[in-house]
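Only one structure is covered here, and it is reproduced in the block below.
Order of appearance sets the numbers: ligands from 1, and atoms from 1 within every ligand. No hydrogens, no waters, no symmetry mates; every other heavy atom, side chains included, goes into these values. Treat the numbers as computed from the prediction; the structure is a model and nothing was measured.
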Amino acid sequence: KEGITVAELAKKIHKEPAKLVKDLFMMGVPTNQNQSLGSDEVEIILAEYGIEAKQEVVIDPSDFEHYFEDAKNQTEHLESRPPVVTIMGHVDHGKTTLLDYLRHANVTEGEAGGITQHIGAYQVASDDRLITFLDTPGHAAFTTMRARGADVTDIVVIVVAADDGVMPQTVEAINHAKAAEVPIIVAVNKIDKPTANPQKVMQELSEYGLISEDWGGDTIFVEISAKFGQNVDELLEMILLIADVEEYKAQPNRLALGSVIEARLDSSKGAIATLLVQHGTLKTGDSLVVGNTHGRVRVMSDDSGKRIKSAGPSTPVEITGLQESPEAGDRFVVFEDEKTARSIGEERASRAQEERRQMTHHVTLDNLFETL
Ligand code: GDP
Ligand code: MG
């Protein structure tokens, strides 16, 4: 059904989603937060709460949420985009080995002088199709980014060592992926080891609802050796299979929107940010606001360090030209002109400063009361 979800409506009318679901139930409309409501239903709800339906919604240009909402609700001029994948799993189960294997398998000899620079995200080609991998170390980065509103991952690959089985951080990874509501692929790793027991991994994961297709479930399991590259091609094929089903799309022909994967301050180049373009096309010279800072895209390079002039949806890039270093998980929005970007950037910066000031104030008061 076309329309607005219960959760979206709750946000618009400043109600708790759970409260709205409860009230709807009392009105005889059983729903959940993700369910779409038709305009008739919305009208009844608004009447019940005594809210004017035809109210003009005032859009705050410094609130980034609505730019992303708008882009997500686009139905026209969409083109397919590469899936964005995060690899998670227990420590020592082979995440880094897999990411390294993928990265090197994709670096042609002599490219960028044979030096692979690290930009926190990169693309791999399989059958002439691209897959974007986020090279974010640890689960914390994933949760931090999500907490900051940057739901950039389409697919989570959970690596489980076949000689070790399900461990605490495996469970944590499953929970993160489930919370993000993204498809999971299980990569049963280290199958080259004589002690590997993939059946045991399957058994253990079934207790968390991840049941392999062989066992009548719908979770894709791939047995790999990240160290030797065995079956890694198949893993890529499975990622593309999910991409075929999910049909990830974005509109390339608009001002770019996206998220910060990582950022740092370089003594000579200033702020260097790795961005993931999520909607539109980012171009050199673009004026943008990134988190609470702003600037213009001065130099833009791809994951192999090559300078590029434009980057479409799902492309990770590294840029310079920002006033300050943003934070991982910050959103970026490109604006028509430098003046707008500057004023919105400055407004966001001063608001953030005010929030920080109030927070310090609170802490001080709390401490004061504690000592009384
Ligand atoms: P991470 O903590 O998940 O990033 O794990 P690493 O990638 O650092 O791997 C931990 C250890 O397992 C390293 O010594 C790797 O060489 C080893 N390892 C990773 N994948 C494989 C594999 O497929 N087979 C074997 N035999 N060892 C592996
Ligand atoms: Mg690692």
Side-chain angles (χ1 to χ4, degrees), residues 83-107 115-124 126 131-146 152-180 182-205 208 210 212 214 219-239 261-264 274 276 303 316 328-329:
V84 179
V85 181
T86 298
I87 294 175
M88 296 203 278
H90 195 73
V91 64
D92 284 346
H93 280 199
K95 298 176 295 293
T96 303
T97 307
L98 178 57
L99 281 162
D100 283 352
Y101 181 86
L102 288 166
R103 187 194 289 269
H104 289 116
N106 202 43
V107 174
I115 305 156
T116 37
Q117 66 158 37
H118 177 90
I119 83 156
Y122 57 87
Q123 291 188 312
V124 168
S126 169
I131 302 170
T132 304
F133 283 94
L134 299 184
D135 192 355
T136 48
H139 298 176
F142 185 81
T143 1
T144 312
M145 288 191 62
R146 285 201 62 232
V152 296
T153 302
D154 297 311
I155 299 168
V156 167
V157 171
I158 297 181
V159 175
V160 190
D163 61 340
D164 203 22
V166 172
M167 298 302 272
Q169 285 165 280
T170 316
V171 178
E172 201 182 286
I174 295 168
N175 292 335
H176 286 322
K178 283 187 176 168
V182 293
I184 295 171
I185 295 179
V186 178
V188 181
N189 190 30
K190 308 197 187 183
I191 50 156
D192 59 281
K193 285 193 155 187
T195 47
N197 188 350
Q199 292 288 318
K200 182 168 158 269
V201 174
M202 281 163 85
Q203 169 63 45
E204 289 171 346
L205 283 175
Y208 296 90
L210 298 181
S212 91
D214 290 350
T219 305
I220 297 174
F221 280 64
V222 188
E223 294 179 11
I224 65 163
S225 166
K227 192 172 180 175
F228 300 105
Q230 193 183 339
N231 271 353
V232 172
D233 281 352
E234 197 186 324
L235 175 64
L236 297 181
E237 275 168 33
M238 292 304 134
I239 291 169
I261 303 303
E262 60 181 27
R264 64 182 196 277
T274 300
L276 179 74
D303 55 3

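Looking from atom 18 (N) of ligand 1 to the surrounding protein, the closest heavy atom is K190 CE, 3.6 Å. For atom 20 (N) of ligand 1, the nearest non-hydrogen atom of the protein is N189 ND2, 3.1 Å. Among protein heavy atoms, atom 2 (O) of ligand 1 sits closest to D92 N, 2.7 Å. The protein atom (non-hydrogen) at minimum distance from atom 16 (O) of ligand 1 is T97 OG1, 4.2 Å. If you check which protein heavy atom lies closest to atom 26 (N) of ligand 1, you get D192 OD2, 2.8 Å. Counting only heavy atoms of the protein, atom 27 (N) of ligand 1 lies nearest to K227 CD, 3.6 Å.
Listed by number with element, the atoms of ligand 1 under 4.0 angstrom from any heavy atom of H90 are 3 (O). Within the listing of ligand 1, atoms 26 (N) sit less than 4.0 angstrom from a heavy atom of K193. Within ligand 1, counting atoms from 1 as listed, the ones closer than 4.0 Å to a heavy atom of S225 are 22 (C), 23 (O), 24 (N). Interface atoms of ligand 1 facing V91, defined by a heavy-atom separation under 4.0 Å, are 2 (O).
Within the 4.0 Å heavy-atom shell around ligand 1 one does not find G89.
Because the distance cut-off is set at 2.8 Å, T97 fails to qualify as a neighbour of the Mg ion (ligand 2), as none of its N, O or S atoms comes that close.
No donor-acceptor distance shorter than 3.5 angstrom exists from the side chain of E204 to the backbone of G165, with no hydrogens or angles considered. Under a 3.5 Å cut-off, the side chain of Y122 and the backbone N or O of L102 do not form any donor-acceptor pair.
Some N or O of A226 is nearer than 3.5 Å to an N or O of ligand 1, by distance alone. In terms of polar-atom proximity, G94 is counted as a contact of ligand 1, with an N or O under 3.5 Å from an N or O of the ligand.
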